[in-house]
Amino acid sequence: MRLTRVLLLLPVLASVPHPACAQSFFEELFGIGRAAKPPVPPRGVPSAPQAPMPGAPGEGIPPSATEAPKAPPVPRQPIVLKAPSEDNLMGQELMLNGLTGSLKLERAGAGTTARIVLPGNKISQPVEACKVPLNGGAPLAVSSEGRPEGVGRFEVTGGECPLRFDVLDGAILVQSMSGPVCTFAAADCATTPTGLWGPAAATLVARASEFEAARGGADRAVRENYKLISQRLRGPELRPVVTEQAAFSSDREQMCRTYAREGAHGFCNLRFTEARALALATRLGVNTNTASPSASVSPPRPRRKPPVEGMNPDTGGAPFADQ
């Protein structure tokens, strides 16, 4: 049967001009040429993925799901910032939000006194401003309360407006202990002394880059110290710390948004953050009176300026010597 097919095709093959074409024709005819080879996919076309063998480990589970999530590292020791010294603040006149009022701490023998003028608004005419000098403008004796939150604390007790002072670096965080408003009926004045008392904004704007660089270390100290304290404390001891930390950012925003030109220098945000970092370190058992600042929050080293064209980099940027 196969011989008969070949004889019938001989006239056709006689008209083929080249022997190679005849060979190809026979290979295709009898299935021994390209037809016997499986088709090769063109380059650049991805082949279908092979299904995993049944019972293979991780079958049907994405690789990321088999990896255990890594917990963030917990620091071994608290990060301690440099605690401000009360002596560096003595004699400096500070203003509420850098705008108005007056607060000055002074040494008086072995003790400390304060001269305070509280700003406010008239009770009878709230749109009009007023000021009340405490103790008639004479120095007030203040009591030292140590460093319960990592910074020096003083208190003025008694009178119509008892106050608490937390001494920061170049500023004082004041809190009224009788409520947000202190009312002086005789002076027809209602005052709100709570807030950050510090320098005028004009003296702070030039130091904006310094405050910005220090802010990163202060933020990191707050995060790491809170992370460490959350590992050490449990139950009722941890609960108030968690509540304070959750409200920290909003408290800072509310405190600093009224400071004069805060967006241009960031002084209030920095000091408030440093105070929080020191408070957390104190809860971790650090004595800020004797502790030295952690090396991990040292200020960044200044970047070396690139050499200018025409300068010799081997001589520290000096011009090339004449040949």
J.: Does a side-chain N-to-carboxylate-O contact under 4.0 Å join E262 and R257?
T.: no

J.: Does the side chain of Q175 pick up a donor-acceptor pair with the side chain of T194 at under 3.5 Å?
T.: no

J.: For the side chain of N225 and the backbone of L280, is there at least one donor-acceptor N/O pair under 3.5 Å apart?
T.: no

J.: If you apply the rule side chain to side chain donor-acceptor pair (under 3.5 Å), what do you find for S102 with E93, and how did you get there?
T.: CA-CA 6 Å; S102 176; E93 186 171 3; 2.8 Å; yes

J.: Between F165 and M255, is there a shared hydrophobic cluster once you connect ILVMFWY residues whose side-chain heavy atoms come closer than 4.5 Å?
T.: no

J.: Under 4.5 Å between side-chain heavy atoms, hopping through other hydrophobics if needed: is there a path connecting M177 to I172?
T.: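 No, it is not one cluster - the side chains of M177 and I172 are not joined through contacts under 4.5 Å.
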
J.: Please name all residues satisfying side chain to side chain contact (heavy atoms under 4.5 Å, CB included) with A247, sequence neighbours left out, ordered by chain then number.
T.: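 Counting only residues at least two positions away or on another chain, A247 forms a side chain to side chain contact (heavy atoms under 4.5 Å, CB included) with S250, D251.
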
J.: Keeping the roles fixed (side chain from N269, backbone from R252), state whether a donor-acceptor pair exists under 3.5 Å.
T.: no

J.: Hey, is CZ on R261 packed in by over 12 heavy atoms from elsewhere, all under 6.0 Å?
T.: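 Result for CZ/R261: open.
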
J.: Looking at H265 and S209, would you say the former's side chain and the latter's main chain have a donor-acceptor pair under 3.5 Å?
T.: no

J.: Is there side-chain contact between P162 and S176, with at least one heavy-atom pair below 4.5 Å?
T.: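 Counting from C-beta outward, P162 and S176 never come under 4.5 Å.
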
J.: Could you give the side-chain donor-acceptor pairs of residues 132-140 under 3.5 Å, partners two or more places apart or in another chain?
T.:
{"residue": "N135", "atom": "ND2", "partner": "P139", "partner atom": "O", "Å": "3.1"}

J.: I'd like to know if the side chain of T288 and the backbone of G150 have a donor-acceptor N/O pair within less than 3.5 Å.
T.: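 Pair found, side chain donor or acceptor close to backbone of G150.
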
J.: Could you state whether M95 and L204 fall into the same hydrophobic cluster, counting links through intermediate Ile, Leu, Val, Met, Phe, Trp or Tyr residues with side-chain heavy atoms under 4.5 angstrom apart?
T.: no

J.: Does N121 have any side chain to side chain contact (heavy atoms under 4.5 Å, CB included) partners at least two apart in sequence or in another chain, and if so, which?
T.: none

J.: Report the relative orientation of the aromatic rings in F248 and F272; use parallel for angles under 30°, tilted for 30 to 60°, perpendicular for over 60°.
T.: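 Ring orientation of F248 relative to F272: parallel.
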
J.: Tell me, yes or no, whether the heavy-atom count around E106 atom CD, taken from other residues, nucleotides or ligands under 6.0 Å, exceeds 12.
T.: yes

J.: Do R215 and E210 meet the salt-bridge criterion of a basic N to acidic O distance under 4.0 Å?
T.: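 Result for this pair is no, no salt bridge flagged.
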
J.: Checking salt bridge (charged side-chain N to carboxylate O under 4.0 Å, His left out) for the pair R153/D166: CA distance, chi angles, key distance, verdict?
T.: CA-CA 5 Å; R153 174 171 291 177; D166 283 339; 2.8 Å; yes

J.: Would a hydrophobic clustering, with Ile, Leu, Val, Met, Phe, Trp and Tyr connected at side-chain separations under 4.5 Å, put L270 with L81?
T.: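 Yes, L270 and L81 fall within the same hydrophobic cluster.
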
J.: Judged by modelled atom types alone, do T243 and Q245 share a side-chain donor-acceptor pair under 3.5 Å?
T.: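 Note: T243 and Q245 side chains miss the donor-acceptor criterion.
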
J.: Same hydrophobic cluster for V142 and L89, using side-chain heavy-atom links shorter than 4.5 Å among ILVMFWY?
T.: yes

J.: Atom CD of E145 and atom OG1 of T157: how far apart are they, to the nearest 0.5 Å?
T.: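 The OG1 atom of T157 is 8.5 Å from CD of E145, to the nearest 0.5 Å.
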
J.: Once you round to the nearest 0.5 Å, how far does CE of M90 lie from CZ of R107?
T.: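 That separation rounds to 3.5 Å.
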
J.: Given salt bridge (charged side-chain N to carboxylate O under 4.0 Å, His left out), test D169 with R207 step by step and report yes or no.
T.: CA-CA 14 Å; D169 187 2; R207 302 173 59 191; 5.9 Å; no

J.: Looking at R283 and E244, is any side-chain nitrogen of the basic one under 4.0 Å from a carboxylate oxygen of the acidic one?
T.: yes

J.: Could you please spell out the steps behind the side chain to side chain donor-acceptor pair (under 3.5 Å) verdict for T282 and R147?
T.: CA-CA 9 Å; T282 302; R147 292 174 175 257; over 6 Å; no

